[in-house]
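Some notes on the structure that comes next.
Letters A, B, ... are given to chains in the order of the sequence lines, protein chains preceding strands, and every chain is numbered from 1.
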There are 2 protein chains.
Amino acid sequence: MDQTLRAVADPTRRAILRLVRDGEVAAGDIAREFPAMSRPAVSQHLKVLADAGLVEVRPDGNRRLYRLNPEGLREVAGFLDEMWTDGLARLKAAAEREEWPERARARKQSHPTADKETTP
Amino acid sequence: MDQTLRAVADPTRRAILRLVRDGEVAAGDIAREFPAMSRPAVSQHLKVLADAGLVEVRPDGNRRLYRLNPEGLREVAGFLDEMWTDGLARLKAAAEREEWPERARARKQSHPTADKETTP
DNA sequence: CCATCATGTAAGCACTATCTTACATAGATG
DNA sequence: CATCTATGTAAGATAGTGCTTACATGATGG
């Protein structure tokens, strides 16, 4: 999961993923889409993506064709759902109850300082 | 988006997000969950998460209570959907359109491999 | 064969991230 | 007030990323 997220946390690599999202693209064609950086740099990005399982490679004669492997994002999707859907539901429920659950470690707290500024 | 993904691409910070997913937790209580690292380190992680908009803070007397902000993940959710759902569908369609050679012994075939078939 | 094309790899350098320890500050408490 | 508690910030050491240029390798085509 770390490897996957670190791979995706780079704008160039996300752009590459979008390039290979619709079908196979040769390494050179990918590199040509990034005139601002050298071809080896793109090649290294492709290696990172491949090591993370986000793309798959297939040799075709001289060239190497890359394509997206959506399965590589499964873990990330799971984590996101865990945070997004579930987390949002839980926080929303807590908020609408107008009491923030802060009971993990009960504090002495003589006065209700907690409900003083919770209204945005 | 970069900031968000970089923030999430760290196991400690993801663990913190899980801690504050269900309600508010004080900084010290969070730090106490990571005996392997110093408290300032956790504090810095919290800053990264706050700067990325993934958590929100609220002062409560002496302490600072952190809670998840699921909205911070909206962009990531969008990107993931773009790659996951859409990407999977497109690759599948491309495969059924015969562009994706799972069985074709593509030999030299100067062009029809992958060049302009990407249908923008 | 030999030259060329497409691609990956190695070495090196600048910049960034993530820790640590030491210090600063704001609120609570006697 | 004096002091303790909870927390953030500063400075620095170390490791990691992301580029570049130079080189290596395997397939193509005369």
Side-chain angles (χ1 to χ4, degrees), chain A residues 2-16 20 24-52 55-66 102 104-114 116-117, chain B residues 2-16 19-20 24-52 55-67 105-111 113-115:
Chain A
D2 261 48
Q3 208 178 6
T4 308
L5 280 170
R6 296 186 76 85
V8 172
D10 180 285
T12 301
R13 288 196 284 263
R14 285 198 302 276
I16 291 177
V20 300
E24 295 183 312
V25 185
D29 292 335
I30 295 173
R32 219 164 287 121
E33 299 282 333
F34 301 90
M37 78 175 64
S38 72
R39 187 192 54 72
V42 175
S43 181
Q44 286 156 10
H45 280 304
L46 285 171
K47 177 168 175 51
V48 171
L49 289 170
D51 287 350
V55 299
E56 295 194 354
V57 205
R58 177 176 69 96
D60 172 50
N62 230 1
R63 309 175 302 168
R64 290 179 143 235
L65 303 182
Y66 288 82
E102 194 233 327
R105 291 270 190 266
R107 193 123 182 92
K108 62 189 305 186
Q109 198 176 358
S110 50
H111 281 300
T113 49
K116 185 165 189 182
E117 202 46 68
Chain B
D2 262 49
Q3 208 179 7
T4 308
L5 279 170
R6 296 184 73 85
V8 172
D10 179 285
T12 301
R13 289 196 282 263
R14 286 198 303 278
I16 291 177
L19 281 177
V20 300
E24 295 182 311
V25 185
D29 291 336
I30 295 173
R32 220 163 287 123
E33 298 282 334
F34 300 91
M37 79 174 65
S38 72
R39 188 193 52 74
V42 175
S43 182
Q44 286 156 11
H45 280 304
L46 285 170
K47 177 168 174 49
V48 172
L49 289 171
D51 287 350
V55 299
E56 296 194 351
V57 205
R58 176 176 70 93
D60 172 50
N62 229 3
R63 308 174 302 165
R64 290 177 147 240
L65 303 182
Y66 289 82
R67 65 177 176 277
R105 283 279 304 177
R107 248 331 1 144
K108 56 179 292 188
Q109 243 179 346
S110 50
H111 270 136
T113 38
D115 230 297

Could you list the donor-acceptor pairs under 3.5 angstrom formed between side-chain atoms of residues 5-15 of chain B and any protein atom two or more places apart in sequence or on another chain?
{"unit_1": "B/D10", "atom_1": "OD1", "unit_2": "B/T12", "atom_2": "N", "d": "2.9"}
{"unit_1": "B/D10", "atom_1": "OD1", "unit_2": "B/R13", "atom_2": "N", "d": "3.1"}
{"unit_1": "B/R13", "atom_1": "NE", "unit_2": "B/A7", "atom_2": "O", "d": "2.7"}
{"unit_1": "B/R13", "atom_1": "NH1", "unit_2": "B/H45", "atom_2": "ND1", "d": "3.1"}
{"unit_1": "B/R13", "atom_1": "NH2", "unit_2": "B/R6", "atom_2": "O", "d": "3.2"}
{"unit_1": "B/R14", "atom_1": "NH1", "unit_2": "A/D2", "atom_2": "OD1", "d": "3.4"}
{"unit_1": "B/R14", "atom_1": "NH1", "unit_2": "B/V8", "atom_2": "O", "d": "2.9"}
{"unit_1": "B/R14", "atom_1": "NH2", "unit_2": "A/D2", "atom_2": "OD1", "d": "2.3"}

Requested in this report: Please state how far atom CZ in A/R64 lies from atom P in D/dT25, giving the value in whole angstrom units.
Outcome: 15 Å
Report summary line: note: B/I16, atom CD1; D/dT7, atom P; distance rounded to Å ~ 13 Å
Report task. Would you kindly give the CG-to-C1' distance between A/L5 and D/dT17, to the nearest whole Å? Result -> 16 Å
**Report entry** Rounded distance (Å) that lies between atom C1' of D/dT7 and atom CG of B/L65
**Finding:** 12 Å
Query raised in the report: From A/L49 CG over to A/Q3 CD, what is the distance, rounded to the nearest 0.5 angstrom?
Result: 10.5 Å
**Report entry** Any pair counted as salt bridge (Lys or Arg N to Asp or Glu O under 4.0 Å), so long as it reaches residues 40-50 of chain A, sequence neighbours left out
**Finding:** A/K47-A/D51
Requested in this report: Grab the CD-C1' distance between A/Q44 and C/dC13 for me, whole Å please.
Outcome: 13 Å
Query - N/O donor-acceptor pair, side chain A/N62 with base D/dG26, under 3.5 angstrom - result: yes
Query raised in the report: Just how far, in rounded Å, is P of D/dG8 from CZ of B/R58?
Result: 14 Å
Report task. Starting at atom CG of A/L49, determine the distance to atom P of C/dT7, rounded to an integer number of angstrom. Result -> 16 Å
Query raised in the report: Within the structure shown, what part of the strands sits under 4.0 Å from B/R13 by heavy-atom distance: base, sugar-phosphate, or nothing?
Result: sugar-phosphate
Query - Nearest-angstrom distance from the residue atom NZ of B/K47 to C1' of D/dT7 - result: 13 Å
Query raised in the report: Between residues 34-43 of chain A and DNA chain D, which residues have a heavy-atom gap below 4.0 Å?
Result: A/A36, A/M37, A/S38, A/P40, A/A41
Requested in this report: Could you check B/H45 against A/Y66 and say which one's nearest nucleotide on DNA chain C is further toward the 5' end?
Outcome: A/Y66
Requested in this report: With heavy atoms under 4.0 Å as the rule, sort B/A26 into base, sugar-phosphate or nothing.
Outcome: sugar-phosphate
Report task. Could you tell me which residues satisfy salt bridge (charged side-chain N to carboxylate O under 4.0 Å, His left out) with B/R39, sequence neighbours excluded, listed by chain and number? Result -> none
Query raised in the report: Taking only residues two or more places apart in sequence or in another chain, which ones pass side chain to side chain contact (heavy atoms under 4.5 Å, CB included) with B/L19?
Result: B/I30, B/E33, B/F34
Query raised in the report: Which value, rounded to the nearest 0.5 Å, describes the distance between B/R67 atom CZ and B/E24 atom CD?
Result: 5.0 Å
**Report entry** By side chain to side chain contact (heavy atoms under 4.5 Å, CB included) - contacts of A/T4 (at least two apart)
**Finding:** A/L54, A/L73, A/E75, A/V76
Report task. State whether A/R6 places a side-chain N or O below 4.0 Å from either non-bridging phosphate oxygen (OP1 or OP2) of D/dT17. Result -> yes
